Amino acid sequence: MDELKFIKQGYFTFKIGDSLSQKTKEIPNGYGVYRIYANSSEGELLYIGKGGTAYTDGDFTEQQLKGRIKNKQENMRREDFFIKKINEDKQLKALYIEWFIIDEKLFLPAYYEAALIQGYYSKYSRLPKWNKKY
């Protein structure tokens with residue numbers, strides 16, 4: 001992670017009763033990556049994702065990082081998915097979500113996502129629990 005450069009970064013926690021739209025309000029426009037942890041930054045890494053997919057003409061999808069974090073997972077609104085996961089796991093009280101806005105002209109969001117997933121995979125020989133495939 002140290003070799004990756006970011007324009008801006010931040011984090012927030014999400015728990016039942018929170019509004020994901022409200023929690024993501026401070027994320028600036030831009031593309032990047034995010035990580036979701038169980039309970040705190042010291043908790044289990046549950047998911048690694050990105051916002052921003054490049055097309056052959058150099059344009060990007062409409063979905064910037066903020067939109068991606070709020071979008072969908074497993075065919076349900078992301079906020080509902082988070083609530084479902086917290087309700088299913090008695091040890092899970094909150095989600096700690098850290099985000100990073102990148103300069104997509106230097107490296108694509110997929111590059112950063114791949115680097116984060118590779119680092120995790122190299123250490124644990126598996127993907128984070130909520131990453132179904134890569």
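Every value quoted in this text rests on a predicted model; they were computed, and no experiment measured them.
The shortest side-chain heavy-atom distance between Ile69 and Trp99 falls under the 4.5 Å cut-off. The shortest distance between side-chain heavy atoms of Arg78 and Lys72 does not fall below 4.5 Å. Put simply, the side chain of Lys50 does not reach to within 4.5 Å of the side chain of Arg68, judged on heavy atoms. You'll find the side chain of Tyr34 reaches within 4.5 Å of the side chain of Ile36, heavy atoms only. Looking at Pro109 and Ile102, their side chains come closer than 4.5 Å, going by heavy atoms from C-beta outward. Residues Leu46 and Glu44 have side chains in contact (heavy-atom distance under 4.5 Å, counting atoms from C-beta outward).
Looking at Lys70 and Glu79, no side-chain N of the basic residue comes within less than 4.0 Å of a carboxylate O on the acidic one, giving no salt bridge.
Residue Tyr112 is tested with Tyr31, Phe100, Phe6 for a ring-ring contact (aromatic ring centres under 6.0 Å, His included); the sole match is Phe6.
Residues Leu116 and Ile101 are members of separate hydrophobic clusters, defined by side-chain heavy-atom contacts under 4.5 angstrom among Ile, Leu, Val, Met, Phe, Trp and Tyr. No chain of hydrophobic side-chain contacts below 4.5 Å, direct or via other Ile, Leu, Val, Met, Phe, Trp or Tyr residues, connects Phe14 to Leu45. Connection of Ile83 to Leu20 is established within a shared hydrophobic cluster, with ILVMFWY side chains joined at heavy-atom distances below 4.5 Å, either directly or through further cluster members. Hydrophobic clustering (ILVMFWY, side-chain heavy atoms < 4.5 Å, transitive): Met76 and Trp130 are in one cluster. With hydrophobic clusters built from ILVMFWY side chains whose heavy atoms lie under 4.5 angstrom apart, Leu65 does not share a cluster with Leu108.
In summary, the aromatic rings of Tyr11 and Tyr96 are positioned with their centroids under 6.0 Å apart.
The closest donor-acceptor contact from the side chain of Thr24 to the backbone of Ser21 lies under 3.5 Å. Side chain of Lys66 to main chain of Gln63: no donor-acceptor pair is present (N/O by atom type, distance under 3.5 Å, no hydrogens or angles). For the pair Asp57 (side chain) and Asp59 (backbone), a donor-acceptor distance under 3.5 Å is present.
No more than 12 heavy atoms of other residues, nucleotides or ligands sit less than 6.0 Å from atom OH of Tyr121. Crowding of Lys123 atom NZ: a count of heavy atoms from other residues, nucleotides or ligands under 6.0 Å not exceeding 12. Counting non-hydrogen atoms of other residues, nucleotides and ligands closer than 6.0 Å to CD of Glu88 gives a total above 12.
Within the model, atoms CD1 of Ile48 and CD of Gln118 stand 10.5 Å from one another, a figure rounded to the nearest 0.5 Å. Expressed to the nearest 0.5 Å, how far OH of Tyr47 lies from CD1 of Ile97 amounts to 11.5 Å. The distance from atom CD of Gln73 to atom CG of Asp80, rounded to the nearest 0.5 Å, is 12.0 Å. To the nearest 0.5 angstrom, Leu95 atom CG is 11.0 Å from Lys15 atom NZ. With values rounded to the nearest 0.5 angstrom, Glu74 atom CD is found 4.5 Å from Phe81 atom CZ. Atoms OG1 and NZ, from Thr13 and Lys23 in turn, are 4.5 Å apart once rounded to the nearest 0.5 Å.
Nearest heavy atoms, Pro28 versus Lys8: CG-CD, 3.8 Å.
Taking the six-membered ring for Trp and thresholds of 30 and 60 degrees, Tyr111 and Phe107 have nearly parallel ring planes, at less than 30 degrees apart.
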